[in-house]
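Proteins get letters first, then strands, A, B, ... in listed order; numbering begins at 1 in each.
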Number of protein chains: 2
Amino acid sequence: MAKDDRPAVAPRMPGHLIRRLHQVSTRVFGQRLKAAGIDLTPIQFAALDALRAHPGIDQAGLAEAVAKDRATIGGVADRLEQKGLVTRIVSERDRRARELTLSEAGRRILAAAEPVVTALQHEILPGLNEAEYAQFVALAAKAAAAAEEGDTTA
Amino acid sequence: MAKDDRPAVAPRMPGHLIRRLHQVSTRVFGQRLKAAGIDLTPIQFAALDALRAHPGIDQAGLAEAVAKDRATIGGVADRLEQKGLVTRIVSERDRRARELTLSEAGRRILAAAEPVVTALQHEILPGLNEAEYAQFVALAAKAAAAAEEGDTTA
DNA sequence: GCAGTATGGTATGTATACATATCATATCGG
DNA sequence: CCGATATGATATGTATACATACCATACTGC
């Protein structure tokens, strides 16, 4: 036995590469934001960002915008509310729904975080020059858009 | 207020795109493997794959190979051992270390999973043609390699 | 207007992922 | 040989991420 030792195949698959880049991204994000004195995770930042663009959106809408998962967004909304960054009120139009809105503190922390987040994006893809970086973003955006098309989280 | 409504910026950042592709990847992987009657997560598959390439490696080495995090790999190793896919024995050379090896069952499930995993890779990047797919993989591999160079998880 | 169904949220359980602390064992310097 | 330090692993706590099940409320059709 131990006969079929052969190079691992996973490391060359896109799924594996994406997982590793995701780890790099999460780590860089955490380090830079912490260094800037801001306590936000990537998803929390994305949620605040989406909330600024769509004030009063409900959790399902926010899930659609950033995460595709209502259960996860529920937890994210919990933490953002606990930190006082968003307000959560029961919709009058639909008593099942909770409408989310940025608080002043939420607006401030988002404004503080945005330049930091923008600045760290290139660190996520080290070793790529400008042209390669732009190409990666274009390809990733195309794939992500296509994934949402034919999917609808079916 | 609600003055500065403007398009969300996060969706165009590589960090955000990578997170979404990671979600797509995880979902596709889970669906296809489940459909094939195989109960493995992406990391578990990567771990088995690395174990075939490096039999007898310890957990720190496996972490280096697939995940960069010893604590996480500890949990993964727990589950693989519980499923009977790997054996974990205390190293004679270093009594702190646990050497991991594929069991026969581990070898079988890896052999069964590999073609399924290979086949689903293109589904992770829908909407990309062959050339674009190859380009994405090349760029991602370059970035991931660079991230490991200048980093050493310092 | 009521049954059937769809939808918004929450609760629960599993699996990463990582930081930090702690423990056991090696190894190195002197 | 011994103290200082490094390293392998585990324990704990937080935060995604998702499936499944469930509850509350809407909506639809008859």
Taking for each residue the nucleotide of DNA chain C with the nearest heavy atom, is it A:T26 or A:G74 whose nucleotide lies nearer the 5' end? A:G74
For residues 37-51 of chain B, run the donor-acceptor check on the side chains, cut-off 3.5 Å, and write out each pair with its distance to 0.1 Å, sequence neighbours left out.
residue : atom : partner : partner atom : Å
B:T41   : OG1  : B:Q44   : N            : 3.2
B:Q44   : OE1  : B:T41   : N            : 3.3
B:Q44   : OE1  : B:K83   : NZ           : 2.8
B:D49   : OD1  : A:V9    : N            : 3.2
B:D49   : OD1  : B:R52   : NH2          : 3.0
B:D49   : OD2  : A:V9    : N            : 2.8
B:D49   : OD2  : A:A10   : N            : 2.8

Starting at atom CD1 of A:I73, determine the distance to atom P of D:dA15, rounded to an integer number of angstrom. 14 Å
Looking only at heavy atoms, what is the nearest atom pair of B:P7 and A:A53, with distance? C-CB, 4.1 Å
Give the rounded distance in Å between these two atoms: CZ of A:F29 and P of C:dA19. 15 Å
Whole-Å distance between D:dA9 P and B:E81 CD? 12 Å
Could you give all pairs that pass the ring pair (Phe, Tyr, Trp, His ring centres under 6.0 Å) test and reach residues 57-115 of chain A, with sequence neighbours left out? none
What is the distance from CG of B:D39 to P of D:dC18, rounded to the nearest Å? 17 Å
Applying salt bridge (charged side-chain N to carboxylate O under 4.0 Å, His left out) as the test, list every pair that has at least one member in residues 124-133 of chain B; sequence neighbours left out. A:K142-B:E132
Smallest heavy-atom separation, A:L17 atom then B:A141 atom, equals CD2-CA, 3.8 Å
Could you note down all residue pairs passing ring pair (Phe, Tyr, Trp, His ring centres under 6.0 Å) where residues 46-80 of chain B supplies at least one of them, sequence neighbours left out? none
Could you run down the sub-3.5 Å N/O contacts of the protein with nucleotides 12-14 of chain D?
none

Return the 5'-most residue of the pair A:V66, B:K34 with respect to DNA chain D, ranking by each residue's nearest nucleotide. A:V66
What pair of heavy atoms forms the shortest contact from B:A105 to B:G84, and how long is it? CB-O, 3.8 Å
Any donor-acceptor pair under 3.5 Å from B:T118 side chain to B:E114 backbone: yes
When rounded to the nearest 0.5 angstrom, what distance separates OG1 in B:T101 from CG in B:L85? 13.0 Å
Answer yes or no: side-chain N or O of A:R70 and base N or O of C:dG8 forming a donor-acceptor pair under 3.5 Å. yes
Counting just side-chain N and O atoms, does A:Q23 come under 4.0 Å of either OP1 or OP2 of C:dA17? yes
Give the rounded distance in Å between these two atoms: CG of B:L33 and C1' of D:dC18. 16 Å
Expressed in angstrom and rounded to an integer, what is the separation of B:D58 atom CG from D:dA9 atom P? 4 Å
Between P of C:dT16 and CG of B:L62, the distance in whole Å: 12 Å
A:T72 near the nucleic acid: base, sugar-phosphate alone, or nothing, with a heavy-atom cut-off under 4.0 Å? base
Out of A:D78, A:V66, A:L80, which one pairs with A:I73 under the side chain to side chain contact (heavy atoms under 4.5 Å, CB included) rule? A:V66
Qualifying salt bridge (charged side-chain N to carboxylate O under 4.0 Å, His left out) pairs, either residue in residues 9-24 of chain B, two or more places apart: A:E148-B:R20
Using salt bridge (Lys or Arg N to Asp or Glu O under 4.0 Å) as the criterion, list what pairs up with B:R96, not counting sequence neighbours. B:D94
Check DNA chain D against residues 42-51 of chain A and give the residues with a non-hydrogen atom under 4.0 Å, in numerical order. A:I43, A:Q44
Using whole Å, report how far NE2 of A:H22 lies from P of C:dA15. 19 Å
Near DNA chain C, which residues from residues 87-96 of chain B have a heavy atom under 4.0 Å away? B:D94, B:R95, B:R96
Mind checking what makes salt bridge (Lys or Arg N to Asp or Glu O under 4.0 Å) contact with A:E123, not counting sequence neighbours? A:R32
Heavy atoms only, 4.0 Å cut-off, all strands: where does B:D69 land among base, sugar-phosphate and nothing? base
For DNA chain C, find the residues of residues 13-21 of chain B with a heavy-atom distance under 4.0 Å and give them by number; none if there aren't any. none
Check: A:L139 and B:L125 side chains under 4.5 Å, non-hydrogen atoms: no
If the cut-off is 4.0 Å, is B:T41 near the phosphate of C:dT16, judged by side-chain N/O to OP1 or OP2? yes
Only pairs at least two apart or in different chains count here, so list each ring pair (Phe, Tyr, Trp, His ring centres under 6.0 Å) that has a residue in residues 103-140 of chain A. A:H122-A:Y133, A:F136-B:F136
Report yes if at least one side-chain N or O of B:Q59 is closer than 4.0 Å to OP1 or OP2 of D:dT10; otherwise report no. yes
